[in-house]
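Before any comments, here is the structure.
The figures that follow rest on heavy atoms only: side chains count, while hydrogens, waters and symmetry mates do not. Residue numbering restarts at 1 for every chain, and letters A, B, ... go by the order of the sequence lines. These figures come from a predicted structure and were not determined experimentally.
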There are 2 protein chains.
Amino acid sequence: MESQDLRSAGLKVTGPRLKMLELLENTQGRHLTAEAIYRQLLDAGEEIGLATVYRVLTQFEAAGLVTRHHFEGGHAVFELERGPHHDHIVCVHCGRVEEFYDESIEKRQRAIAEKLGFNLRDHTLTLYGECNKPGCKGEKNAR
Amino acid sequence: MESQDLRSAGLKVTGPRLKMLELLENTQGRHLTAEAIYRQLLDAGEEIGLATVYRVLTQFEAAGLVTRHHFEGGHAVFELERGPHHDHIVCVHCGRVEEFYDESIEKRQRAIAEKLGFNLRDHTLTLYGECNKPGCKGEKNAR
DNA sequence: TTGCGCATGATAATCATTCTCATATATGAT
DNA sequence: ATCATATATGAGAATGATTATCATGCGCAA
C-alpha cells in the first residue's frame, strides 16, 4: 500500500500525501504539473492547499519517489518514479510525452563526463519534435 | 562589425543591442543570465533597462544569434551562437559549464525520434556532475 | 489518551520574466 | 541633412510559478 512507500521514505502518513501518491499512480500521461495535481484533487472533493502540493512534491522528489522535469514552458512537471531511468521526447504541438531509453547514449554520456573530468551525477535529455498522433494540434502545420 | 550581424538579423542597430552583442562576445564563460547582462552593463556605465535586456535576448534568440538554456536553478542562461551545435555538462557545485559534441549521440537521437514517430526539431542534453577544477566549491565534498 | 513536533492551509512574499505606455530614436524617403 | 514614422527603450506595474510565514491541526510514539 502507499502508506508503506511513505513510511520507508521517512515521511509521516498523511491525507494529502496519500492522495497525491494515489493520483500520481492512477494518472495516465504521468507527467503532471503542480497546478494540475492541485486542481484534480480539488475537483475530486479533497481539501488541499496549493502550498502543500508544492511542499509534498519537493519531499517526494528528495525521497526519490518522484522526478521533476523542466520541459519548455516555464512550469515543472512531476513524474512518479517507477521502473528504470528513461529520457523523454515531447511533441512541440500537443505536449504529448513519450519515454525512451538508449543504452548507447547512456554509455557515451559516461565516457564524455569522464573525459572532461566530471564525476557524473545526473543528466537530462529531452527531444522535441512534431508527433504523428491523430488529433495533435500541429497536424496541419506539420510536414 | 556587430552592426552587420544585427542588420542581417532584421534588427535595427541600436545602442542596447550593440552593447549586448559586444558583451556576449567578450565574455568568457559564455553562459550569462539576463540579470548578469543587465548588471554588467550598468556597472560599465551603460544606461539600459532590465526589460530591454529580456526583450533583446528574446529577439536575438528568434534571430538565431543566441541560444537560451534552462539549466537547473529556475533562471535561463543565454549563450552567443557561434560555431556548431553542442551540448553541455554543468558542475553541480561551482556551476562551471563545459561544452561537448558527440556525433554518435546525435545519430541515436535521430533514430529514436523516427522510431517513435516524431519529426525531430530540437533537443536538450545536459549532464550534471562534480568537476575537478581546483577552487571548485565542491572540492571537499567530492571524492 | 496525551503531548509534542511535524504537517497543513491560507495568504503574503519572492523571483524571473513579460507587459504597458509614454518618450526617444533609427532609418528610408525627401 | 531633415523629416516622418514605425520601432525601440526605460520605468514600473503586472503576471505566473514557486516558496516562505504562521497560526492551527493532526500523526504517532509513549
Which whole-number value in Å describes the distance from B:E35 CD to C:dT14 P?
16 Å
Quick check: do B:R30 and B:E99 have side-chain heavy atoms less than 4.5 Å from each other?
yes
Which two nucleotides bound the region of DNA chain D that has atoms under 4.0 Å from heavy atoms of chain A, read 5' to 3'?
D:dA17 to D:dC28
Short of 4.0 Å, heavy atom to strand atom, which residues of residues 74-81 of chain B count as contacting DNA chain C?
B:G74, B:H75, B:A76
Taking atom P of C:dG9 as reference, at what distance in whole Å does atom CG of A:L57 sit?
13 Å
Given atom NE2 of B:H70 and atom P of C:dC15, what is their separation to the nearest angstrom?
19 Å
Side chains of A:H85 and A:E106: any donor to acceptor distance under 3.5 Å?
yes
Contacts to DNA chain D from residues 44-55 of chain B, heavy-atom cutoff under 4.0 Å, which residues?
B:E47, B:I48, B:G49, B:A51, B:T52, B:R55
Are A:E79 and A:H88 close enough that a side-chain donor and a side-chain acceptor fall under 3.5 Å?
yes
Taking C-beta and beyond as the side chain, do B:L120 and B:I112 meet within less than 4.5 Å on heavy atoms?
no
Quick one: B:R39 CZ to C:dC15 P, roughly how many Å, whole number?
11 Å
Flag, side chain of A:Y128 to backbone of B:T124, donor-acceptor distance under 3.5 Å:
no
Do B:T27 and B:L32 touch side chain to side chain, with heavy atoms closer than 4.5 Å?
yes
Please verify the inter-ring angle class for A:H69 with A:H31; under 30° counts as parallel, over 60° as perpendicular, anything in between as tilted.
tilted
In whole angstroms, the gap separating P of C:dA16 from CG of B:L32 amounts to 15 Å
Can you find a pair of side-chain heavy atoms, one from A:R110 and one from A:K107, that are under 4.5 Å apart?
yes
Any non-hydrogen side-chain atom of A:T58 less than 4.5 Å from a side-chain atom of A:R68?
yes
Using a 4.5 Å cut-off on heavy atoms from C-beta on, say whether the side chain of A:L125 contacts that of B:T126.
no
For the helix from C:dT1-D:dA30 to C:dT30-D:dA1, measure the angle between the helix axis at one end and the axis at the other, each built from five pairs, rounding to 10°.
40°
Check: residues 46-56 of chain A side-chain donor-acceptor pairs under 3.5 Å, at least two apart:
from, atom 1, to, atom 2, distance (Å)
A:T52, OG1, A:R55, NH2, 3.2

Qualifying side-chain hydrogen bond (donor to acceptor under 3.5 Å, both in side chains) pairs, either residue in residues 34-43 of chain B, two or more places apart:
B:E35-B:R39
Is the shortest heavy-atom distance from the side chain of A:F118 to the side chain of B:E130 under 4.5 Å?
no
